[in-house]
Amino acid sequence: MHKDTSKITAESPLPRAKPLLRRFFDRDPRHVAQELLGKLLIRREGSVIIAGRVVETEAYMGVTDAAAHSAAGVTARNAVLFGPPGYAYVYFIYGNHFCLNVSCMPEGDAGCVLFRALEPVTGLQEMANNRGLELPEEPRLAQLKALTSGPGRMAEALEITRLRDNGKDLTNPKKSDLWLADSGWRPSRIAITPRIGITKAAEEPLRFLIAGNPFTSGKKL
DNA sequence: GAGGAGATCGTCT
DNA sequence: GACGATCTCCTCT
């Protein structure tokens with residue numbers, strides 16, 4: 001892969017990016033997961049902005065989905081999923097990692113979308129710092145991929161934790177330091193595959209990614 | 001580049 | 001007490 005990665009850091013879609021509205025999330029998680037591809041996930045750390053383009057998502061369908069955290073009903077951990085759409089559900093997994101979801105569907109319905117990978121857009125040095133990595137002035141593609149290609153990695157790059165972010169409104173940059181926005185950019189091709197890392201309902205085609213994008217996780221398609 | 005195993009702890013049974 | 005929507009390191013090729 002010899003893609004010119006300098007363009008990734010040079011472009012700046014943030015000024016014209018519009019926050020996603022709550023009704024964007026108030027529908028079937030499969031539609032939300034697909035349309036989130038190409039949107040921006042933005043973190044504000046004081047005066048610093050860290051942002052990435054969403055390149056990989058997974059849909060979880062709620063209590064009818066055996067692989068979903070909400071499959072067994074409401075618990076203290078997953079309560080956000082049963083609330084209104086557009087809020088962050090952050091969980092801790094494998095003793096090491098946090099993962100970010102956004103709640104979908106009306107209140108009472110526990111559908112959600114898991115963010116699995118970002119393409120770094122701005123704040124790359126901050127991402128590297130948060131990940132405990134060194135990033136040279138002219139990074140190689142593999143070094144950029146290591147920042148955000150995977151749910152645990154992107155959460156660490158944006159300093160997403162359960163304590164800090166669970167239950168946060170992802171549609172309101174005035175009240176929240178973590179939100180989603182539309183820069184107008186659209187992916188040309190989308191690929192759909194089974195979800196990764198699960199054992200129940202593992203065959204359902206509920207993983208969505210931007211075809212050909214090098215920043216997705218897992219094996220190359 | 002691919003594959004396997006260990007780390008590590010919150011959550012639920 | 002067992003498990004998990006993962007990552008990293010190590011070995012082998």
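Numbers restart at 1 for each chain; the letters A, B, ... are given by sequence-line order, proteins then strands. All heavy atoms count here, side chains included; hydrogens, waters and symmetry mates do not.
In this structure, A:R195 atom CZ and C:dA5 atom C1' are separated by 8 Å, rounded to whole Å. Counting to the nearest Å, the P atom of C:dT6 and the NE2 atom of A:H69 are 9 Å from each other. Rounded to whole Å, the distance from OH on A:Y94 to P on B:dA7 is 16 Å. Atom pair A:L81:CG and C:dA5:C1' shows a separation of 12 Å (rounding to whole Å applied). As rounded to whole Å, 18 Å separates atom P of C:dA5 from atom CZ of A:R153. Distance A:I198 CD1 to C:dA5 P: 8 Å, rounded to the nearest Å. A:E156 has its CD atom 19 Å from the P atom of B:dA7, to the nearest Å. Atom pair A:F98:CZ and B:dG10:P shows a separation of 9 Å (rounding to whole Å applied).
Close to C:dT8, at under 4.0 Å from its OP1 or OP2, lies a side-chain N or O of A:R131. Taking side-chain N and O atoms only, A:R207 has no distance below 4.0 Å to OP1 or OP2 of C:dA5.
Nucleic acid contact for A:R77: sugar-phosphate only, since backbone atoms but no base atoms lie under 4.0 Å from a heavy atom of the residue. A:F92 comes within contact range of the sugar-phosphate backbone alone, with a heavy-atom separation under 4.0 Å but no base atom that close.
Looking at which nucleotide of DNA chain C each of A:G152 and A:K200 is closest to, the 5′-most match is held by A:K200. Both A:R162 and A:H97 sit near DNA chain B, but only A:H97 has its closest nucleotide nearer the 5' end.
The backbone N or O of A:P85 lies less than 3.5 Å from a partner atom in the side chain of A:R22, making a donor-acceptor pair.
For the pair A:I42 and A:A51, the tightest heavy-atom approach, listed with the atom from each and the gap, is CG1-CB, 4.0 Å. Considering all non-hydrogen atoms of both residues, A:R43 and A:L158 come closest at NE-O, 2.9 Å.
A:Y60 carries A:R195 over the face of its six-membered ring, with the cationic atom under 6.0 Å from the centre and within 45° of the normal.
Using a cut-off of 4.0 Å between Lys/Arg side-chain N and Asp/Glu carboxylate O, A:K145 and A:E56 are scored as not salt-bridged.
You cannot call A:Y91 stacked on the base of C:dA5; the centres under 5.5 Å and planes under 30° rule is not satisfied.
In a base pair of the Watson-Crick type (N1 to N3 plus N6-O4 or O6-N4) or a G-U wobble (N1-O2 and O6-N3), with each distance short of 3.5 Å, B:dG3 is matched with C:dC10.
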